[in-house]
Amino acid sequence: MDSNTKVTKNNFEGANFLLVSWVDMVSNFSLPEDKNIEIFTLLGSQYKENTRHYHNWEHIKAMIKGLYDYPDEVNDTLSIELAIWFHDAIYVPLRKDNESRSAKFFQEQLSPYLPIERVRKVMNYIEATKNHSKTSDRDLQVLLDLDLAILGQSKSIYKNYSNQVREEFGYVPNFLYKRGRKLVLKNFLERSIIYQTSFFREQLEEQARENIREELESL
């Protein structure tokens, strides 16, 4: 797939979605078949960890589907996809370095097969998912909005998401969890905008703010 074009893919359904999507993505660069399967299997073992209730394969699947459905042009589809696949590869609740460790994991697995410029870009994209700071990079805006798309879903979907996040921090006492969760939610509400692309802002911004306010009231 040309990386300088609008994403136009069929949404493969069922159990094969992730594998088909992965194979399609890596066809854009030279990756030995054995290494291809090895990395996909390794990612699977990470995202299927039983401690993951939200940051798992379903989250990756939702982001990939969101990218496929994104109606506007992107400049570098491959870098966005690579960042999606690897941005939560390492996820340990309460650690502050999950994103940097995930970026390093990506570098270790794929740097021999990609130009150094793309490796650096993808690593920067992965690390940017830590704080979701404002950026002028349009492709990075798409990635960050995809990562936050869950915030603007229906109330029932958002409620399930917030419950899943709480499960991931199940060993944290309730008063400590509420304190930390409130800080995260207030940070989003205090932003002038949550979503950086006009598409996601028009579709999800209002619902996201309503969902966040309601969760804050419940804490």
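Any value given below was found using the heavy atoms of this structure, including those in side chains, with hydrogens, waters and symmetry copies removed.
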Q: Linking I/L/V/M/F/W/Y whenever their side-chain heavy atoms sit closer than 4.5 Å, directly or via other members, would Leu183 and Val172 fall into one cluster?
A: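 Different clusters.
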Q: Following the transitive rule for hydrophobic clusters with a side-chain heavy-atom cut-off under 4.5 Å over Ile, Leu, Val, Met, Phe, Trp and Tyr, establish whether Val92 and Leu176 coincide in one cluster.
A: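 Different clusters: Val92 never reaches Leu176 through Ile, Leu, Val, Met, Phe, Trp or Tyr contacts under 4.5 Å.
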Q: Between Val122 and Ile80, is any pair of side-chain heavy atoms under 4.5 Å apart?
A: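 Heavy-atom side-chain distance check fails, nothing below 4.5 Å.
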Q: According to a 4.5 Å side-chain heavy-atom criterion applied to Ile, Leu, Val, Met, Phe, Trp and Tyr, with indirect links allowed, do Phe175 and Val165 form part of one hydrophobic cluster?
A: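 Result: yes, single cluster for both.
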Q: Is the ring pair Trp22/Trp85 parallel, tilted or perpendicular, if the boundaries are 30 and 60 degrees?
A: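 Perpendicular.
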Q: Between Glu99 and His87, is there a side-chain donor-acceptor contact under 3.5 Å, judged purely by atom types and distance?
A: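 No, no side-chain donor-acceptor pair sits under 3.5 Å.
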Q: Looking at Tyr113 and Pro32, what are the two nearest heavy atoms and their distance?
A: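 Heavy atoms only, the tightest pair is CE2-CD, 3.5 Å.
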Q: Mark yes when over 12 heavy atoms from residues, nucleotides or ligands other than Glu33 sit less than 6.0 Å from its CD; otherwise mark no.
A: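 Atom CD in Glu33 is not crowded, with 12 or fewer foreign heavy atoms closer than 6.0 Å.
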Q: Kindly indicate whether the side chain of Glu168, heavy atoms from C-beta on, has any atom under 4.5 Å from the side chain of Thr51.
A: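 The answer is no; the side chains never approach within 4.5 Å.
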Q: What are the two closest non-hydrogen atoms of Ile194 and Glu205, and how far apart are they?
A: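 That would be N-OE2, 2.9 Å.
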Q: Would you say the side-chain atoms of Gln46 pair up with the backbone N or O of Ala89, donor to acceptor, closer than 3.5 Å?
A: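 Such a contact is found between Gln46 side chain and Ala89 backbone.
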Q: When you look at NZ of Lys35, are more than 12 heavy atoms from neighbouring residues, nucleotides or ligands closer to it than 6.0 Å?
A: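 Yes, enclosed.
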Q: Are Asp88 and Asn56 side-chain neighbours, meaning at least one heavy-atom pair lies under 4.5 Å?
A: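 Heavy-atom side-chain distance check fails, nothing below 4.5 Å.
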Q: Would you verify whether the NZ or CZ of Lys65 falls within 45 degrees of the ring axis of Phe17 while also being under 6.0 Å from that six-membered ring's centre?
A: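 Here Lys65 passes the 6.0 Å and 45° test against Phe17.
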Q: Tell me, do Leu151 and Leu204 make a side-chain contact under 4.5 Å, heavy atoms counted?
A: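 SC-SC contact between Leu151 and Leu204 ruled out.
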Q: Could you name each residue pair satisfying side chain to side chain donor-acceptor pair (under 3.5 Å) that touches residues 184-194, not counting sequence neighbours?
A: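 Residue pairs passing side chain to side chain donor-acceptor pair (under 3.5 Å), neighbours aside: Asn187-Arg191.
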Q: For the residue pair Asp145 and Thr197, confirm or rule out a side-chain donor-acceptor distance under 3.5 Å.
A: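 Asp145 vs Thr197: donor-acceptor pair found between side chains.
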Q: If you define the side chain from C-beta out and look only at heavy atoms, does anything of Phe200 sit under 4.5 Å from Leu146?
A: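 Phe200 vs Leu146: side chains touch.
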Q: What distance do Leu189 atom CG and Leu185 atom CG have between them, rounded to the nearest 0.5 Å?
A: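 It comes to 7.0 Å.
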Q: Restricting to pairs with a member in residues 114-152, which pass ring-ring contact (aromatic ring centres under 6.0 Å, His included), not counting sequence neighbours?
A: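 Applying ring-ring contact (aromatic ring centres under 6.0 Å, His included) to every pair that reaches into residues 114-152, excluding sequence neighbours, yields nothing.
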Q: If we ignore hydrogens and angles and just use 3.5 Å, is the side chain of Ser102 paired with the main-chain N or O of Ile90 as donor and acceptor?
A: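 Such a contact is found between Ser102 side chain and Ile90 backbone.
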Q: How long is the gap from OG on Ser111 to CD1 on Ile116, to the nearest 0.5 Å?
A: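 Result: 7.0 Å between the selected atoms.
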Q: Hey, what do you get for CD (Glu58) to NZ (Lys48), rounding to the nearest 0.5 Å?
A: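 Reported to 0.5 Å precision, the distance equals 10.5 Å.
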Q: Mark yes when over 12 heavy atoms from residues, nucleotides or ligands other than Glu206 sit less than 6.0 Å from its CD; otherwise mark no.
A: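 No, the 6.0 Å shell around CD holds no more than 12 heavy atoms from other groups.
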Q: Angle between ring planes, Tyr54 versus His59, binned at 30° and 60°: parallel, tilted or perpendicular?
A: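 Tilted.
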Q: Can you measure from CZ (Phe40) to CD (Gln109) and round to the nearest 0.5 angstrom?
A: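 It comes to 14.0 Å.
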Q: Side chains of Gln207 and Tyr158: donor-acceptor distance under 3.5 Å anywhere?
A: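 The criterion, which ignores hydrogens and geometry beyond distance, is not satisfied for Tyr158 and Gln207.
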Q: Looking only at atom types and distance, does a side-chain atom of Asn124 sit under 3.5 Å from a main-chain N or O of Lys121, one as donor and one as acceptor?
A: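 Looks like no, no N/O pair under 3.5 Å.
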Q: Spell out, yes or no, whether Ile37 and Tyr47 are grouped together once hydrophobic residues are joined by side-chain heavy atoms under 4.5 Å, including indirect joins.
A: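 Looking at the clustering, Tyr47 is in a separate group from Ile37.
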Q: Validate the cation-pi geometry between Arg52 and Tyr91: distance from NZ or CZ to the six-membered ring centre under 6.0 Å, angle to the ring axis within 45°.
A: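 No; the conditions do not both hold, so Arg52 does not lie above the ring face of Tyr91.
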Q: I'd like to check Ile126 versus Phe105 (side-chain heavy atoms, cut-off strictly below 4.5 Å). Are they in contact?
A: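 Result no, sub-4.5 Å side-chain heavy-atom pair not found.
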Q: I'd like to know if the side chain of Asn75 and the backbone of Asp139 have a donor-acceptor N/O pair within less than 3.5 Å.
A: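 Judged by distance alone, no pair lies under 3.5 Å.
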Q: Under a 4.5 Å cut-off applied to non-hydrogen side-chain atoms, are Val119 and Met123 in contact?
A: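 With C-beta onward as the side chain, the pair touches.
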Q: Treating Ile, Leu, Val, Met, Phe, Trp and Tyr as nodes and any side-chain heavy-atom pair under 4.5 angstrom as an edge, say whether Tyr177 and Tyr171 lie in one connected cluster.
A: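 Yes, Tyr177 and Tyr171 fall within the same hydrophobic cluster.
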Q: Tell me the closest heavy-atom pair linking Tyr195 and Leu148, and the distance in Å.
A: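 That closest heavy-atom pairing would be OH-O, 2.7 Å.
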Q: So Glu215 and Lys159, salt bridge (charged side-chain N to carboxylate O under 4.0 Å, His left out) or not? Walk me through it.
A: CA-CA 8 Å; Glu215 184 181 356; Lys159 178 63 175 176; over 6 Å; no
Q: Would you say that Arg138 contacts Gln196 through its side chain, given a criterion of any heavy-atom pair below 4.5 Å between the two side chains?
A: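 They are not in contact (no side-chain heavy atoms under 4.5 Å apart), so the answer is no.
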